[in-house]
Student: 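This is the structure, below, for whatever I ask next.
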Amino acid sequence: MREIPSDKITELVEKLCIDANINLRGDIARSFEGAYNREKTDTAKSIIGQLIENAKIAREEKIPVCQDTGMAVIFAEIGQDVHITGGDLAAAINEGVRRGYRNGYLRKSVVADPIERINTADNTPAVIYFSIVPGNEVKITAAPKGFGSENKSAVKMLIPSDGIEGVKKFVTDTVRLAGSDACPPLIVGVGVGGTMDYAALLAKQALKREIESRNENPFWAETELELLRDINSLNIGPAGFGGETTALKVNIETYPTHIAALPVAVNIGCHATRHSQGVL
Amino acid sequence: MSAGKIITAAFSDETIRELKAGDSVFINGTIYTGRDAAHKRMFEACLNNEKPPFEFSGSAIYYAGPSPAPPGRVIGSIGPTTSSRMDKYSPLLISRSLKVMIGKGKRGPEVIEAIKKYGGLYLSATGGAAALLSRCVKAAKIIAYEDLGTEAVRELQVFMFPAIVAIDANGNVFPSFC
């Protein structure tokens, strides 16, 4: 049994929240170059050019890539041979979020009650997903999620006879409805299978996967490519001004499901989809 | 963005009417921020015939809530938020002369109709280009609703702030913006 003090977790979460918001993911930054070359109009090129410049300014001046520094989504994978000492683990994570958003000059965007809407002023609480995994390490992923894109996400309970065509139609319809609102070019996270809630979690996890990656299953890898082609023929384009790049990538994650069901979730990620990962 | 017309706020009706959907512009001068919570208050102020937090005529409202300014900076990152959340409030505000709007994404039919009726303008700034846009802000101060934090109304002095006309005064809409 390995002991890890909870204040080490707080320190890591603080660092990851700041890093994720200031340093654009390398795979996304690389994909901008390809998008710039693919685009044909001055407007589309100029918008991708702004995004390239924006990432550079954020990195150099240590300010957030986007002012919407998100609700802090934290994935905490806890090795089963780890013992957390010195206090409540969830409280330690929330303290890390609190410090990261304060010390990193990140925007506090969380309201305590969905109707009353009083800002909690420290961006807590985070949305935390714990999982217990083999081993004696703790892996934390900070995934601050902006809500321009989150608001355009959707879940639908399809039925088995809807098949893959039904899945593809729901994904492209969701992106079409998002249109110019969700800060295209997008990263589209898709979860297929499980239950209603688990499909949504899969979709969120799908956003973590790098743009250069592919689903390990050849059928789903091909579906990722087909959906990307379909989405990029919608001509929404960068910021909605038309063009070749409505999405940079479609990532699909799947799970077994019930004989009666075909759950599909689409988590829309913007071009500033953010993740930062650390291991203790 | 290289080519683009430089326009100076506060805007004359002539300036507004010369612009067409798809035109690139750079904005100089004074603009104001306001998003969800500030819009609710401005809307209620209009309904109650109270004085608005700034002179609406000729002004541009920028749908934005900045991240906090680190020491030595005028403002933190400040990109546009999704405009359609202001759609419920915009037609009344447009009718009271707050008719130039800067945001991102689509507008509803009532907003487009009001823009056409009152000769307004809807400009798209690039969502997520918030660090780049913060460089265009030369001064910032809160002028109303300070209790709203990031959602307070701020007066910004901007220089060469890039935007694209998404809806012009004649109600022409760039595709994907409705």
Side-chain angles (χ1 to χ4, degrees), chain A residues 21-22 24 42-43 45-69 101-102 104-109 111 117 119 121 146-149 151-152 176-184 234-242 246 270-272, chain B residues 1-4 21-24 33 35-37 40 63-73 75-85 103-107 124-136 147-152 162-166 173-178:
Chain A
N21 275 299
I22 287 175
L24 185 68
D42 289 348
T43 303
K45 273 192 188 296
S46 77
I47 289 165
I48 299 290
Q50 284 184 2
L51 301 183
I52 292 169
E53 179 70 8
N54 186 66
K56 183 167 166 274
I57 294 168
R59 191 178 297 273
E60 286 174 4
E61 302 187 13
K62 295 187 169 40
I63 57 173
V65 170
C66 178
Q67 79 290 337
D68 184 357
T69 51
Y101 277 72
R102 182 182 63 219
Y105 298 91
L106 308 178
R107 196 178 78 181
K108 288 77 180 170
S109 311
V111 293
R117 307 199 75 80
N119 199 303
F147 267 54
S149 54
N151 274 344
K152 302 296 166 184
R176 186 185 293 112
L177 280 172
S180 53
D181 284 7
C183 291
L234 294 173
N235 197 31
I236 295 167
F241 284 100
T246 299
C270 60
H271 55 72
Chain B
M1 208 173 292
S2 49
D23 285 355
S24 290
T33 67
R35 46 171 293 157
D36 307 62
K40 187 165 187 282
Y63 304 144
S67 61
R73 286 190 75 92
I75 201 151
S77 295
I78 182 163
T81 196
T82 309
S83 304
S84 54
R85 292 198 314 276
K104 71 168 164 94
K106 294 174 277 192
R107 304 313 303 260
S124 166
T126 301
L132 177 122
L133 293 170
S134 82
R135 276 196 173 173
C136 304
D147 60 299
L148 296 179
T150 185
E151 293 200 67
I164 302 173
V165 178
V173 184
F174 205 95
S176 294
F177 284 83
C178 65

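All chains are named by letter (A, B, ...) in the order of the sequence lines, taking the proteins before the strands, and each is independently numbered beginning at 1. No hydrogens, no waters, no symmetry mates; every other heavy atom, side chains included, goes into these values.
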Student: Is it the backbone or the side chain of A:N21 that comes under 4.5 Å from a heavy atom of chain B, or both, or neither?
Tutor: neither

Student: With a 4.5 angstrom heavy-atom cut-off, could you sort out which part of A:A121 is near chain B: side chain, backbone, both or neither?
Tutor: neither

Student: Considering residues at least two apart in sequence or located in another chain, which fulfil the salt bridge (Lys or Arg N to Asp or Glu O under 4.0 Å) criterion with B:D36?
Tutor: B:R85

Student: With a 4.5 angstrom heavy-atom cut-off, could you sort out which part of A:A272 is near chain B: side chain, backbone, both or neither?
Tutor: neither

Student: Among A:G146, A:G104, A:A178, single out the residue with the greatest number of heavy-atom pairs under 4.5 Å to chain B.
Tutor: A:A178

Student: For the candidates B:G22, B:S134, B:S67, B:A166, which exhibits the highest count of non-hydrogen atom pairs separated by less than 4.5 Å from chain A?
Tutor: B:S67

Student: Check whether B:A69 gets within reach of chain A through its side chain, its backbone, both or neither, counting any heavy atom under 4.5 Å.
Tutor: backbone

Student: Which region of B:F174, side chain (C-beta onward) or backbone (N, CA, C, O), has a non-hydrogen atom less than 4.5 Å from a non-hydrogen atom of chain A, or is it both or neither?
Tutor: side chain

Student: Measure distances from B:P70 to the heavy atoms of chain A and classify the residue's part below 4.5 Å as side chain, backbone, both or neither.
Tutor: both

Student: Pick from B:A37, B:A129, B:A64: which one has the most heavy-atom pairs with chain A under 4.5 Å?
Tutor: B:A129

Student: Kindly say whether B:P66 contributes a backbone atom to a donor-acceptor pair with the side chain of B:T150 at under 3.5 angstrom?
Tutor: yes

Student: Using a cut-off of under 4.5 Å on heavy-atom pairs, state which of A:K56, A:E61, A:Q67 scores highest against chain B.
Tutor: A:Q67

Student: Please check if the side chain of A:K108 supplies one atom and the backbone of A:Y101 the other of a donor-acceptor pair under 3.5 Å.
Tutor: yes

Student: Count the heavy-atom pairs under 4.5 Å between each of A:A58, A:P64, A:G179 and chain B, then report the option with the highest count.
Tutor: A:P64

Student: Taking side chain as everything from C-beta outward and backbone as N, CA, C, O, which of these in A:L106 sits under 4.5 Å from a heavy atom of chain B? Side chain, backbone, both or neither.
Tutor: backbone

Student: Excluding sequence neighbours, so at least two apart, what forms side-chain hydrogen bond (donor to acceptor under 3.5 Å, both in side chains) with B:T82?
Tutor: B:K104

Student: Which is it for A:L51 and A:L24 under the side chain to side chain contact (heavy atoms under 4.5 Å, CB included) test, yes or no, and what are the steps along the way?
Tutor: CA-CA 10 Å; A:L51 301 183; A:L24 185 68; over 6 Å; no

Student: Taking everything shown except A:D42 itself, do over 12 heavy atoms lie less than 6.0 Å from its CG?
Tutor: no

Student: Output the distance between atom CZ (A:R107) and atom OG1 (A:T69), rounded to the nearest 0.5 Å.
Tutor: 6.0 Å

Student: Considering residues, nucleotides and ligands other than A:K45, do more than 12 of their heavy atoms fall under 6.0 Å from its NZ?
Tutor: yes

